[in-house]
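To find a chain, count down the sequence lines: A is the first, B the second, and so on, and within it residues start at 1.
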2 protein chains.
Amino acid sequence: MSEKDLSTEEKIKEAARIVFTKKGFAATRTRDIAEEAGINLALLNYYFRSKEKLFHQVIMEKVQQIFGVLFPIINNESLDLETKVELIVENYISLLLENPDLPIFVFSELRNNPQLFEGRVNAHLIGESSLMKQLQEKKPDIHPVQFILSLFGLTVFPFMARPMMTVTKMAATDAEFRALLEQRKKLVPKWIKLILESD
Amino acid sequence: MSEKDLSTEEKIKEAARIVFTKKGFAATRTRDIAEEAGINLALLNYYFRSKEKLFHQVIMEKVQQIFGVLFPIINNESLDLETKVELIVENYISLLLENPDLPIFVFSELRNNPQLFEGRVNAHLIGESSLMKQLQEKKPDIHPVQFILSLFGLTVFPFMARPMMTVTKMAATDAEFRALLEQRKKLVPKWIKLILESD
DNA sequence: GTCTATAACCTGATAGAC
DNA sequence: GTCTATCAGGTTATAGAC
């Protein structure tokens, strides 16, 4: 599907996704989005009313995209803990490889604007999830939050550290980075398993 | 040392540290810094010439603060791998507990502005470090970058996820968060050890 | 060194022609 | 729906008095 096939509205939103995720809300100028979309500034306001409304739409769709991948796994009663971990890591890394700027974007905007998510992210949805119950059963001595932080730390952190890895030449090229993350799809579940089976 | 004891220059810089780390460069207005410092806008330019120059000074000092803590450990030839890991985790978590906004700040500004660090962070300083040599010897089958990503992912990620933890009530209060991270000082080295001793 | 006032510039948003 | 031109408001930086 070439750029020409998209409606103007979708062209603007796609441009907004790119620019907002790359630079953040405050550093993005509506002019940048217009230019990226190949349209003019007035059209942005014609379709989306304001920079803020456009931003809100973009980030919410991104958050839902993430939860859309993770939730069905976390709450699937027919998967055991180990399989859940494998699927979460595999699918989340795949998603992030297509959206590498997403983690820094979401976390830094959430810092500036916590009320964005207030009410939308229900504590029970995580605390009462199938994953949590299985964890409690398998390893009651690990604080569930410590487990979650580790699982996602191991999975997400490389994307946040990406700019640092480029500068330090730890993963200078895109191909190197992708290779590392592909390898990590197997490593992280293996390591998590070590943690779960330790005493 | 009360606020009154600080020179005007230092008051401005301290205010800049607070506001910049909390909101990022683009979202920060020089007026916010002036107000936080209890001085007037013109003085900021009198002392630091521009918003950009002040920012540059602040972020560089923060980065050096981090490396100042980590480098002596990473390159201490007389510490074995396990002890290095313990000290890195312990000291880094302590530092970040005093500067919880630092990780999001540094990583998101680095994304917007990678040239900030070009030339300053030498790839050899990490690749040729004592830590890396020990790792290579102890566990040649782990890619060193995978190890580093895991060590720092486990250590730093909780600070980046802090706003998310607040919203989801995983760690609603400051005290809860601190307790989790204090506990983590022991957990992370234990888990890293599991990884290093696995096959 | 510190202040007030203001210049110079930039950005989001809109008016109005087509 | 799409464009150009422009407004209104806000931001950085400086001039000039004290």
*What is the distance from atom NZ of A:Lys51 to atom CZ of A:Phe20, rounded to the nearest 0.5 Å?*
6.0 Å
*Rounded to whole angstroms, how far apart are CZ on B:Phe55 and P on D:dT11?*
18 Å
*asked:* Looking at B:Lys13 and B:Glu61, is there a salt bridge between them, counting it only when a charged N and a carboxylate O are closer than 4.0 Å?
replied: yes
*Please list, chain by chain and in numerical order, all residues satisfying side chain to side chain donor-acceptor pair (under 3.5 Å) with A:Arg111, sequence neighbours excluded.*
none
*For A:Glu10, all residues meeting side chain to side chain donor-acceptor pair (under 3.5 Å), sequence neighbours excluded*: A:Arg17
*C:dG12 C1' sits how many Å from A:Phe20 CZ, rounded?*
11 Å
*Taking CZ from A:Arg29 and P from C:dC9, how many angstroms apart are they, rounded to a whole number?*
16 Å
*Bending between helix ends of the helix from C:dG1-D:dC18 to C:dC18-D:dG1 [5 pairs per end, 10° resolution]*: 10°
*In whole Å, what is the span from the CZ atom of A:Phe48 to the P atom of C:dT14?*
15 Å
*Using the test side chain to side chain donor-acceptor pair (under 3.5 Å), find all partners of A:Thr83 that sit at least two apart in sequence or belong to another chain.*
A:Asp80
*Rounded to the Å, how far apart are A:Glu10 CD and D:dG1 C1'?*
17 Å
*Let me know the distance between CD1 of A:Ile12 and P of C:dA13, rounded to the nearest Å.*
13 Å
_Pair B:Phe159 and A:Phe107, ring centroids less than 6.0 Å apart_ = no
*Whole angstrom is fine here: how far is it from CG in B:Asn40 over to P in C:dC3?*
5 Å
*Can you find a pair of side-chain heavy atoms, one from A:Thr155 and one from A:Ile88, that are under 4.5 Å apart?*
no
*For each nucleotide in nucleotides 13-18 of chain D, reading 5' to 3', give B when a protein heavy atom comes within less than 4.0 Å of its base, S when such contact involves only the sugar-phosphate, and - otherwise.*
BBB---
Mind listing the side-chain donor-acceptor pairs of residues 125-132 of chain B below 3.5 Å, one per line with the distance, residues two or more places apart or on another chain?
| unit_1 | atom_1 | unit_2 | atom_2 | d |
| --- | --- | --- | --- | --- |
| B:Ser129 | OG | B:Ile126 | O | 2.8 |
| B:Ser129 | OG | B:Met132 | N | 3.3 |
| B:Ser130 | OG | B:Lys84 | NZ | 3.0 |

